[in-house]
Amino acid sequence: MWRTVWRSIDRFSLQHFKYVINELRKIKVVDQHNRELVIDLLQTIVEIVTYGDRQDPFIFECFMEYQVLAEFVRILKISGNSKIEAPLLQYLSIMIQNMGSEHAIYYCLSNDYINTIIAHQYDFDGGDLAPYYVSFLRAVSGKINRGTLCLLVRVNRDVVTSFPLYTEILKFAQHGEKMIQTAVHALTLNIFNVSDDMVYQFVTSPPASQYFSDLVYSLREKCLRLDVLVQATDETCTKQRRKEILLESDEIVDDLYYFKDILSVGEPRLSKVVTQDLLNLLVFPILIPLLQLRQSNGFYVSAVTSLYIVSYLLVVVGGKNIINAVSGVILYPYMTPRRDAAKEEITNSSSDTHFFLNLLRDMEIVGSESQKDENINGNHICGNDDVRLERTGILMYVFSDNHSLLLASLLLLLILAESKDLDYTSDSMIGLSDIQDPMNYGTSASLGVNDNVFVRVMPQVFYALLKVLASQPPLCALIQWHTGWFMRKLLNFQVMTLGEQHLHLFNTSYQQSCECLQKELDGCWFDCILDTMKDEWENCETALKEPLKSKSPSFALEFAVCKQSTDGNTNSSDTAWEIMVDVVKVFILHLQLKALISKGELLEKPLLDSADSGISNSLDIASASFGSEVYLGSGIPCRIAFSNAGIRDIYMIPAARGLSGKVILAEKHPFRSQRGVVIAIAPLAGLRPTIDEDHPTWLHLWIREFDPRSKARKSQGCNSHVSNSAVDGRWTLGFPSAKGCEIARLLLLEETYKQRSFIKSLLAPLLQKNDPGNLCNEQDGRKL
C-alpha cells in the first residue's frame, strides 16, 4: 500500500532529467541563497548525462534537444560573486572525462559552447579556482583528435586565428603549483600529438611560439637558482642543502623531459623552433663563455653547473641537431686553420649533420677575427705543443685540479663520443670510436680537423684520474668510485702500453688503500670489515659496470658541495663506521682496477673462509644472549653500578671465537654455582679498556651504541656524518685489587687480539703488495 502511495523516483529516468533541466532554466540569478540548489542541479544533470551516454541514448538526445550546455554557459554568466565557477567546471570535467561515444564528444565540442566556457573571464586571484579550471581544460584536451580539434579553433582562409584551449592554458605555464604545471605539459602534448597542420603553423608562429622561448627562459632561471646552491660558501655538506640541490635539479630534469616529449612528436616545424630556442637561449650562452670563446652576455653559471646542464640536456633531450651543435662548439678550438675552407664546404652542403656550424655562424663565432683568436687559432694550438692543447677549450677542465670539473667534462665528452647522432667530423676529432674500430681511423682532410684530439691527450687524462685516486688526504669513496668508472670506461679504448709513471702512481694509490685498511683493522669496527667487504663488493662491481646511458651527471654537483670532513668527534662509533665503510670501498675499487690494468677484467667476489675455530668448549658463550645462561669458569669477578639497579656483583667473561668477539657480564645463578645469567653483552671491538688514573681498581670500557643495521645507509652522496646520534656508552667495572684490574685488561686485549688476528688471516691474500715492476709485468700487453 505505502509503496503505491510513495512511489520512488527513478533519478536516471528521462522524465526526471527533463524535470531537472526545467528547474535549472528557472534560475535567473545565482547568489548565496540558491547556490547550493544550483550545484545540486548541475551535479544531477552530469550524473544523468554520464549514465545516459552508456545506457540510454534518449537521455543524450534530450541533452542535445534542450541544449543543456547552453544552460551551463548561461549559469556561468549570471553567477556574479556566488563562486559557482569551481563546482560548475568540476562537474563539466567529470562529464567530459566519462563520455565514451564519439557522437557525444563531437556534440559537446561543437556549437562553440566549450570555447565560450574556456574564454569566460574568471577571477583566479585569492581562491582555488585555478586547479578546477586547468583540470577542465585538460579534460577537454583528452578528447580531441584530428576530427574534433577543428571544433575548438577559429580559422580564416586556412589559417588558425584563435585557439582558446591552447592560449588560455599557456597563461598557467609559469604557475608555481606542480599539479598545474603537469597539467599544462600534458595538455600541450595532447595538442601537439594530434598532427594538425594548421595548428602546427599556429603554435610555431608568433605570438604563440613565444611559449617555447619562455620555457627556455624559465629553465635558465632554474639553472641560476641551482648554481647559487652549488656555489654557496658553506663549508659543510648539510642534508638540507643537498635536499635543496636535489629538488632544484629534479625540476630542471623534468623540464628537459618535457622538451624531449615535444621533440618526440616528430613535427619538423615544432622541432626546429624548440631546438633553436634551446641552442640560442640555453646551450650557446652556457658553452661559449665556458670555453672562453666569447664573454658572457649576462647569463652566467659556474663551470660545474654548466657541464651538468649540458650533459643532462644531451642525455635526456639529445637529437642529431643538438648533439652536433654542442660538439661543434666544444671542438671548435681544435679545428685547423683550414676550417674556413671546411665552412664553405659545409655551407654548400645540405646535410643536417653540419647543422651546428650554421648555428655557430649565426652566433657570430665562426670566422671571428677578434682578440679571442689568440686562444683559439689553429696555428696556436694544433702543433706538437700538448701542454698548450691541454689549456684550451674543454681540455682545460679535463686537466683541472678541481675533481668535479675533471669528471664532469670527461662525462660530457663520453656522452658525445657514444652518441649515434654524432656526425663523422666530430666523431673523428674525439677519436674514441676510431679507437674501437681501427679501420675507421683518420678524418677527412678537407674538413680541416686536428686528428683525434682526445686520443692525443689520453695518457695525460689517465694520469689526471690516477692523481684523483692518489690524493692525500684520500677523497671520499664516492669520488673514487666515479673515478674508477671513468678509468674502466677509458681502458676499453686502449692503444698504448701503460707508462711507468701511470703504474707508479697507481701503485702508490693502491698501497695507500692497503695501509688505510690495515689501519682500520686496528680500529673499533674491525669485526665488521669482512661483512662490509662482502656487501660492497657487488656494489662496486655494479658501479664500475654502469652503462653510460644510466650515468647521471648529477654526481658532479655532489662533488661540488660535499667535502670529506675530518673535523668533529672522530672517536665516535658512527663516524668511525662511516670511515671504515669508505676505506673498504676504496680498497675494493683498487683491487678491481688492478685486475683491469693487469688482466683486462674485473675480479670475481673472493671466497673469504670465515669458518670459526675453537668453539667447541664455549658454545654457550658464542651463542649467548641477554637472559641466557653461560659457564662462569673463565669469568673474572667484579662489580658494576647501574643507575637504576645499584651496585651488582658480576662476572666479566671475554671470549673471541673466529669472527665473533664479545664481552659478557653475567650474574651468578642463584641455584647453579658454575652458571651465570647474562645481564649485558658488548662487542670486543672498540672497547679500549683503560684503567682509571685515580682509581687503579676501576676499568673503563667504551661501548659502541651505533648500530649500522638499524639505519639504511645509502651509498649516494658524500660522507655526511650523522649528527646528534646516540652517544657511545661506557662501562666502569670495579675489581677487588689493582692487580685483578690489570689482569682483566690484559685478558680483554688478548681476546681482542685473537679476533683481530683471525680476521687479518682471512684478508691476508687480498693485502698482498705489488710494486710497479710487478704490475707492469702483469699487464699482458694491454694498451692505453
Side-chain angles (χ1 to χ4, degrees), residues 236-239 242 473-481 512-540 543 558 562-591 608 610 656 658-663 680-690 700-731 748 751-753 755-756 758-760 762-763 766-767:
T236 56
C237 173
T238 63
K239 290 183 178 180
R242 290 183 60 202
L475 299 170
C476 73
L478 177 70
I479 294 180
Q480 298 206 44
W481 273 23
Q512 290 172 0
S513 71
C514 292
E515 291 172 356
C516 289
L517 188 65
Q518 291 280 11
K519 182 179 178 181
E520 287 304 313
L521 286 169
D522 296 324
C524 69
W525 288 100
F526 72 85
D527 55 332
C528 293
I529 288 179
L530 283 177
D531 288 337
T532 303
M533 187 168 292
K534 293 174 183 176
D535 294 338
E536 296 298 338
W537 192 279
E538 292 182 0
N539 294 336
C540 181
E558 294 264 344
C562 298
K563 303 180 185 298
Q564 178 84 359
S565 174
T566 57
D567 301 328
N569 182 15
T570 57
N571 292 324
S572 64
S573 60
D574 56 348
T575 301
W577 166 263
E578 295 285 354
I579 294 174
M580 183 275 292
V581 172
D582 246 21
V583 167
V584 171
K585 287 181 176 180
V586 172
F587 177 71
I588 295 172
L589 172 66
H590 280 79
L591 289 177
L608 299 174
S610 60
L659 292 175
S660 176
K662 60 186 71 173
V663 57
I681 302 176
L684 285 175
L687 283 181
R688 291 181 288 166
T690 306
H700 299 298
L701 305 178
W702 275 259
I703 310 300
R704 298 184 323 216
E705 292 291 344
F706 175 71
D707 182 7
R709 294 172 299 180
S710 66
K711 298 184 180 181
R713 292 286 182 183
K714 293 185 179 180
S715 300
Q716 305 172 7
C718 71
N719 280 359
S720 54
H721 299 312
V722 179
S723 59
N724 301 323
S725 57
V727 179
D728 290 341
R730 190 177 75 168
W731 293 349
L748 286 170
E751 293 298 312
T752 303
Y753 176 79
Q755 183 187 12
R756 182 182 289 111
F758 182 78
I759 294 174
K760 283 184 177 181
L762 296 178
L763 289 172
L766 298 179
L767 286 168

Trp481 side-chain N/O to Lys585 backbone N/O, donor-acceptor pair under 3.5 Å: yes

Would you give the length of the straight line joining atom CG of Leu521 to atom CZ of Phe526, rounded to the nearest 0.5 angstrom? 8.5 Å

By salt bridge (Lys or Arg N to Asp or Glu O under 4.0 Å) - contacts of Glu538 (at least two apart): Lys605

For Pro689, give me all partners under side-chain contact (heavy atoms from CB on, under 4.5 Å), at least two apart in sequence or on another chain. Leu687, Leu699, Leu701, Arg745, Leu748, Leu749

Looking only at heavy atoms, which two atoms of Gly658 and Phe758 are closest? And how far apart? C-CD2, 3.4 Å

Could you list all the side-chain hydrogen bond (donor to acceptor under 3.5 Å, both in side chains) pairs where at least one residue sits in residues 515-533, not counting sequence neighbours? Asp527-Arg704

Those residues that, when tested against Gln512, pass side chain to side chain donor-acceptor pair (under 3.5 Å) (two or more places apart): Gln472

Side-chain touch Cys524/Trp577, heavy atoms, less than 4.5 angstrom: no

Are any of the side-chain heavy atoms of Leu766 and Met533 separated by less than 4.5 Å? yes

With no hydrogens and no angle check, is any side-chain donor or acceptor of Gln480 less than 3.5 Å from a backbone partner on Val586? no

Backbone N or O of Leu659 within a donor-acceptor pair of the Gln755 side chain at under 3.5 Å? yes

Are Val581 and Glu536 side-chain neighbours, meaning at least one heavy-atom pair lies under 4.5 Å? yes

Side chains of Thr575 and Glu578 in contact at under 4.5 Å (non-hydrogen atoms): no

Report yes or no: does Asp582 contribute a side-chain atom to a donor-acceptor pair with the main-chain N or O of Cys476 at less than 3.5 Å? no

Nearest 0.5 angstrom please: Ile529 CD1 to Leu762 CG, how far? 11.5 Å

CH2-NE2 distance between Trp702 and His700, expressed to the nearest 0.5 angstrom: 6.5 Å

So do Ile681 and Val663 actually touch side chain to side chain, heavy atoms under 4.5 Å? no

